[in-house]
Number of protein chains: 2
Amino acid sequence: MNETTDADLRSFIPVAADSHFPIQNLPYGVFRRLAGGPASIGVAIGDQILDLTFLENQGMINVPALGKYRLFDRGKLNPLMAAGKRVWSETRALLSRLLRSDERTLRDDPALRQQALVSMNDVTMLLPAEIGDYTDFYSSREHATNVGTMLRGPENALMPNWLHLPVAYHGRASSIVVSGTDVVRPHGQSKPDKAVEPIFGPSRLLDFELEMAVFVGPGNDLGHPIPVTEAEDHLFGLVLLNDWSARDIQAWEYAPLGPFLGKNFLTTISPWVVPLEALEPFRCAGPAQAPIPLPYLQAMGQGAFDIHLEVLLQATTMPQPSCICRSNFNVLYWSLAQQVAHHTVNGCNLRPGDLLASGTISGSTPDSFGSLLELSWRGTKPMSLPNGEQRAFLQDADRITLTGWCQGAGYRVGFGEAIGKVQPAHR
Amino acid sequence: MNETTDADLRSFIPVAADSHFPIQNLPYGVFRRLAGGPASIGVAIGDQILDLTFLENQGMINVPALGKYRLFDRGKLNPLMAAGKRVWSETRALLSRLLRSDERTLRDDPALRQQALVSMNDVTMLLPAEIGDYTDFYSSREHATNVGTMLRGPENALMPNWLHLPVAYHGRASSIVVSGTDVVRPHGQSKPDKAVEPIFGPSRLLDFELEMAVFVGPGNDLGHPIPVTEAEDHLFGLVLLNDWSARDIQAWEYAPLGPFLGKNFLTTISPWVVPLEALEPFRCAGPAQAPIPLPYLQAMGQGAFDIHLEVLLQATTMPQPSCICRSNFNVLYWSLAQQVAHHTVNGCNLRPGDLLASGTISGSTPDSFGSLLELSWRGTKPMSLPNGEQRAFLQDADRITLTGWCQGAGYRVGFGEAIGKVQPAHR
């Protein structure tokens, strides 16, 4: 697969220098050409989509590791995720070859191209997979420290377990939606600091959380942990994830069993799943770990990825979205491999299409904090927006965009966007 | 449906007086006649199963509300759950009629009976449904008080939110298994009280939790709460649930985001789903609620059910299982309807086949506590077993059986059993 890490590699499809989807990326997604029509699977290339469901129907997906088994006929990526690393790699090599500037099959067949390629503007993107279970980690030390400092003061900011294991909780799979879905301000119970009794009404403290998430590949049988050294073989690819949070609902409900209604009203992911293989050139070291983790969490090699991340906010009166956070996936203390090893060490089974989110990705500087809770320090330091407005928490009609990319030499391996606009509470 | 609540109602199939499955019950389950063969759907009657997949293929399931739509051809109960209350009621009436002692269709056709009925001894029971999301509530005041007392002392036992909302968290759907599946003692990280650093190894404090759980019916669209007055229309039926817990893993990991690896290694449910309609004669008042809940949680009428529950433990040296807990579903402070209304009030969507568990069902007397954590008061008061052994927590080869039933006049509407035997940790 050297060719896909090659900055000189080019597609016959024109790709702008700042496009997220050059031939070095080839992320997978699920789309619909017509409302009510069937869902197809594709890879993004520039502002086009190569329709893999069509190509498979044409007999053009010949993957030796796969045989006659079909991957792209069910309108979701779960079969590809389940197929494992060898199939992923061979499929990617085949698609990369098809799209290369020096490969004639598609390039020189306008009729075939006409059917196999579709403009991103002409489709609706869908959830990439059926998500069985959704887990949300809490792997940014800076985020955990910030939240802990607000709740317990700087001396007891990090819980005693935090440096020993990747803390996580189960989230809600049913309410995960694809980018572009509006977020309706949720109703709920909360108890303002000075109130004697709890109150009910629309959340007053609506927030976003900048996260990324990985889709699980083959996974493991119940009772059979995945060793940390094999964990990455079970990771299909990454997306952006906005873990919308109602801070007032969350604060009142969360003790002692963790977040529930403060989170499960909506979670937004970006539609394009970037394969781990496309991220290999951007692999890097994560933060040093001290104390040294227990042996089942000890991984060799570099487990982090250099992914630049941004959050943009656009209020109705702003002509342009404004960047309110710049962070990086490489700040995360616990690696993806460590998360998988921990998650399964008790025998818990992961299934193809399960989603593991990182937790809020906050860096060490205030402009890298990945939530308004931190950016406005619990509302005590509202942010100033270019239009003169201030923001402690989200207001109705605010539009939040998460985006991110790896910067290569002359190209970007990008994740597109995870967008959501705040709609007023119902009634 | 008067006939199904009638104590005089009899089936032509012989049913013992203490059977859990008289004609008044008719719970649904999924079974396999042959290893590797197809999954069928059935209702339990005495020690037999009426094969609904077969009857549907014979054109014998004529449900007006359903038309030509098939419910029993997919090896799981999700289509029936999705179909809603009117279909449930009509299907139940049809099956009750087919099995009545004065109905000749099946009774007088030995060839048909031979194909439509199968002995429970000749099948393997499977999970009744594909479970999308699994939620675990915490609705026994006595359980929450007991746990809170151990952790924080009697003055601060109940968290301030507990009397205002049904506390819950998301559990793991992938590791829910059907009765009879062994539970392997999980490995994990824990930190003994006097240790300086956490340790890794097999859990030393393995426990059960006596719970029941309800399968969701039609459910709701994202953003559209289910009012408390309509909540029961979305409840298909109940099962027993054992929320196996590794207390040492749980204690070290759970702050601040709740239980994770201490719970998600296995959850056992009973195979027969008892329809809410079969429980109607056993409806009763739950505990009085003070303070009065917020309006969205205020339900009229009786929201509890009188279901006698037992936990039995059998060590290898015991010839018989010994009852170690007697409790009742009617002790739960928060009703099923309140749980559904709360779960969806922020717009969170429930889907057919989702599972909502009650939390540990502990009563007010020590012999009604629904976990060893409480029965042995955190291990400080080990229980004595009939064979002279003591138990603070579960030992390898211990077999735990949950069972429960509603006692009618001369019949029982029972839930069968949720059984699991402890296997030693791997390696």
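Treat the numbers as computed from the prediction; the structure is a model and nothing was measured. Chain letters run A, B, ... following the sequence lines, proteins first and then strands; every chain starts at 1.
- Residue I249(A) does not touch chain B at all, counting heavy-atom pairs closer than 4.5 Å.
- Per-residue counts of heavy-atom pairs under 4.5 Å with chain A were compared for P295(B), S203(B), A255(B); the largest is that of A255(B).
- Heavy atoms closer than 4.5 Å to chain B are found in the side chain of L294(A), but not in its backbone.
- Note: P256(A) leads P256(A), G347(A), A144(A), G188(A) in heavy-atom pairs under 4.5 Å with chain B.
- In terms of heavy-atom pairs under 4.5 angstrom with chain A, the leader among L165(B), L297(B), I199(B), L266(B) is L165(B).
- Interatomic distance, S174(A) OG to L222(B) CG, rounded to the nearest 0.5 Å: 7.0 Å.
- For V177(A), the part sitting under 4.5 Å from any heavy atom of chain B is the side chain, from C-beta outward, and nothing else.
- Between Y296(B) and F200(A), the ring centre distance stays below 6.0 Å.
- Comparing G132(A), P259(A), G171(A), P291(A) by heavy-atom pairs within less than 4.5 Å of chain B, the highest count is held by G171(A).
- Listed in order of number, the residues of residues 133-141 of chain B that approach chain A to under 4.5 Å between heavy atoms are D133(B), T135(B), Y138(B).
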Checking E197(B) against H164(A) for the side chain to side chain contact (heavy atoms under 4.5 Å, CB included) test, could you report, in this order, the C-alpha distance in whole Å, the side-chain angles of both residues, the deciding distance, and whether it holds?
CA-CA 9 Å; E197(B) 296 292 326; H164(A) 294 281; 3.1 Å; yes
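- Contact annotation for H426(B): only side-chain heavy atoms (C-beta onward) come within less than 4.5 Å of a heavy atom of chain A.
- Contacts of residues 154-163 of chain B with chain A at a heavy-atom distance below 4.5 Å involve M159(B), P160(B), N161(B), listed in sequence order.
- Among the candidates G258(B), P225(B), G148(B), G219(B), the residue making the largest number of heavy-atom pairs closer than 4.5 Å to chain A is G258(B).
- Within 6.0 Å of NZ on K191(A) lie more than 12 heavy atoms contributed by other residues, nucleotides or ligands.
- Distance check: F265(B) CZ to T344(A) OG1 gives 14.5 Å after rounding to the nearest 0.5 Å.
- Side-chain contact between C348(B) and R172(A): present, with at least one pair of heavy atoms (C-beta onward) separated by less than 4.5 Å.
- V167(A) touches chain B through its side chain: at least one heavy atom from C-beta onward sits under 4.5 Å away, while N, CA, C and O do not.
- Residues in residues 250-269 of chain B take part in these side chain to side chain donor-acceptor pair (under 3.5 Å) pairs, two or more places apart or across chains: H170(A)-N264(B), N346(A)-N264(B), Q189(B)-W252(B), E209(B)-K263(B), D243(B)-K263(B), W244(B)-T268(B), S245(B)-K263(B), R247(B)-Q250(B).
- The candidate from V183(A), L257(A), V184(A), V147(A) with the greatest count of non-hydrogen atom pairs under 4.5 Å with chain B is L257(A).
- Around CD of Q289(A), the count of heavy atoms belonging to other residues, nucleotides or ligands within 6.0 Å exceeds 12.
- Taking non-hydrogen atoms and a 4.5 Å limit, the residue list of residues 349-356 of chain B in contact with chain A, ordered by number, reads N349(B), L350(B), R351(B), D354(B).
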